[in-house]
Amino acid sequence: EVFQTVEPLISCGIAADPRLKEKKQRAAGYRSCAFLPFKIKGSVRGVIHLASSAVGFFTDDKKEHLLALSRLVEIVFENRDLFDEVKNARDSLAQANQRLKTRTIQQAVLNHFGQLALSAKNIPTLLDEAALEISLVLQVDFCEVLELSPDGERLVLRAGTGWKKSAMGQATVESGTGSHAGYALA
């Protein structure tokens, strides 16, 4: 009833109060009670339930005090909601800052790599630098630069990180759907 009417229900005698149909409180030993709804942004958000074993403990004379208690609870919930909103905004801003920082680093590496590409005289060294910078920027343990063999059947490891140096130019994988890299080309 309190949720529907949004009005407090104060009962000085539970036993005789027709608004309290279920006598659960009486069975628990309570003789008077108060139900105080509280609202946040115009909508009922909850109820404060108070009960006493004394008949007449809650009366209409105490209504203003009880409503003040309800208003305090509303303030607590509103403050919690505001805190959550500020925390979510802060977290969102931190994530956006991290994305911006990552993007800035990626752009700097791309710029640096472009400079290397223009000045490089040695393609294997350029590919090694590219693999290293890609793995650093993306923060991965493994990176490989594969070149399609002239016959189109294999992919040859030309540069990478996470590989033994002896594998460069030697290691191969299928160019078809039998390997992850080949599947990407298929």
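All residue numbers refer to positions in the sequence shown, counting from 1. Atoms considered below: every heavy atom in the structure, side chains included; atoms not considered: hydrogens, waters and symmetry mates.
A donor-acceptor contact shorter than 3.5 Å links the side chain of Asn122 to the backbone of Thr125. Judged by distance alone, the side chain of Arg19 and the main-chain N or O of Ile10 form a donor-acceptor pair under 3.5 Å. When atom types are taken as modelled, the side chain of Ser92 and the backbone of Asn88 share no donor-acceptor pair closer than 3.5 angstrom. When atom types are taken as modelled, the side chain of Ser70 and the backbone of Pro37 share a donor-acceptor pair closer than 3.5 angstrom. Arg31 contributes no side-chain N or O that, together with a main-chain N or O of Gly56, makes up a donor-acceptor pair within less than 3.5 Å.
Enclosure of atom CZ in Arg90 by more than 12 non-hydrogen atoms of other residues, nucleotides or ligands within 6.0 angstrom is indicated. Around OH of Tyr30, the count of heavy atoms belonging to other residues, nucleotides or ligands within 6.0 Å does not exceed 12.
In this structure, Lys62 is positioned above the aromatic face of Phe57, its NZ or CZ under 6.0 Å from the six-membered ring centre and within 45° of the axis.
Taking 4.5 Å as the limit, every side-chain heavy atom of Phe35 sits out of range of all side-chain heavy atoms of Ile48. Considering only heavy atoms from C-beta on, Phe38 stays 4.5 Å or farther from Leu67 through its side chain. Taking the side chain as every heavy atom from C-beta outward, Leu9 and Leu36 never approach each other to under 4.5 Å. At a threshold of 4.5 Å between non-hydrogen side-chain atoms, the residues Cys12 and Asp17 do not count as touching. Contact of the Ile75 side chain with the Arg80 side chain is not registered, since no non-hydrogen atoms from C-beta on lie closer than 4.5 Å.
Linking ILVMFWY residues whenever their side-chain heavy atoms come closer than 4.5 Å, directly or via other members, places Leu148 and Met168 in the same cluster. In terms of hydrophobic clustering, with Ile, Leu, Val, Met, Phe, Trp and Tyr side chains grouped at heavy-atom distances under 4.5 Å, Phe142 and Leu146 are assigned to a common cluster. Cluster annotation: Val137 and Leu126 are assigned to distinct hydrophobic clusters (Ile/Leu/Val/Met/Phe/Trp/Tyr, side-chain heavy-atom contacts under 4.5 Å, transitive). A chain of hydrophobic side-chain contacts below 4.5 Å, direct or via other Ile, Leu, Val, Met, Phe, Trp or Tyr residues, connects Leu20 to Val47. In this structure, Ile134 is a member of the same hydrophobic cluster as Val140, with clusters built from ILVMFWY side-chain heavy atoms closer than 4.5 Å.
Annotation: side chain to side chain donor-acceptor pair (under 3.5 Å) contacts involving residues 138-160, sequence neighbours excluded, comprise Glu147-Arg158, Ser149-Asp151, Arg154-Thr172.
Here the shortest heavy-atom pairing between Gly182 and Leu155 reads N-CD1, 3.7 Å. Closest non-hydrogen pair, Ser32 versus Ile14, comes out as N-CD1, 3.6 Å. What you find for Asp128 and Gly160 is that their closest heavy atoms are OD1-N, 4.4 Å. Considering every non-hydrogen atom in both Leu132 and Thr161, the closest pair reads CA-CG2, 3.7 Å. Taking both residues in full, the closest heavy atoms of Cys143 and Ala131 are given as SG-O, 3.8 Å, listed atom of the first, atom of the second, then distance.
Between Lys41 and Glu85 there is a salt bridge, with a side-chain nitrogen of the basic residue lying less than 4.0 Å from a carboxylate oxygen of the acidic one.
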* Walk me through it: do Leu69 and Glu74 pass the test side-chain contact (heavy atoms from CB on, under 4.5 Å)? => CA-CA 9 Å; Leu69 174 67; Glu74 288 174 358; over 6 Å; no
* To do: Please report the C-alpha distance between Phe58 and Ser52 in whole Å, then the side-chain angles of each, then the deciding distance to 0.1 Å, and finally whether the side-chain contact (heavy atoms from CB on, under 4.5 Å) criterion is met.
  => CA-CA 8 Å; Phe58 297 105; Ser52 172; 3.8 Å; yes
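For the atom pair CD (Glu78) and NZ (Lys39), the distance works out to 11.0 Å, reported to the nearest 0.5 Å. In this structure, the separation between CD on Glu174 and OG on Ser179 is 6.0 Å, given to the nearest 0.5 Å.
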Indicate every side-chain donor-acceptor pair of residues 104-120 with a distance under 3.5 Å to a residue at least two apart or in another chain.
| from | atom 1 | to | atom 2 | distance (Å) |
| --- | --- | --- | --- | --- |
| Thr104 | OG1 | Leu100 | O | 2.8 |
| His112 | NE2 | Glu133 | OE2 | 3.1 |
| Ser119 | OG | Gln115 | O | 3.1 |
| Ser119 | OG | Leu116 | O | 3.4 |

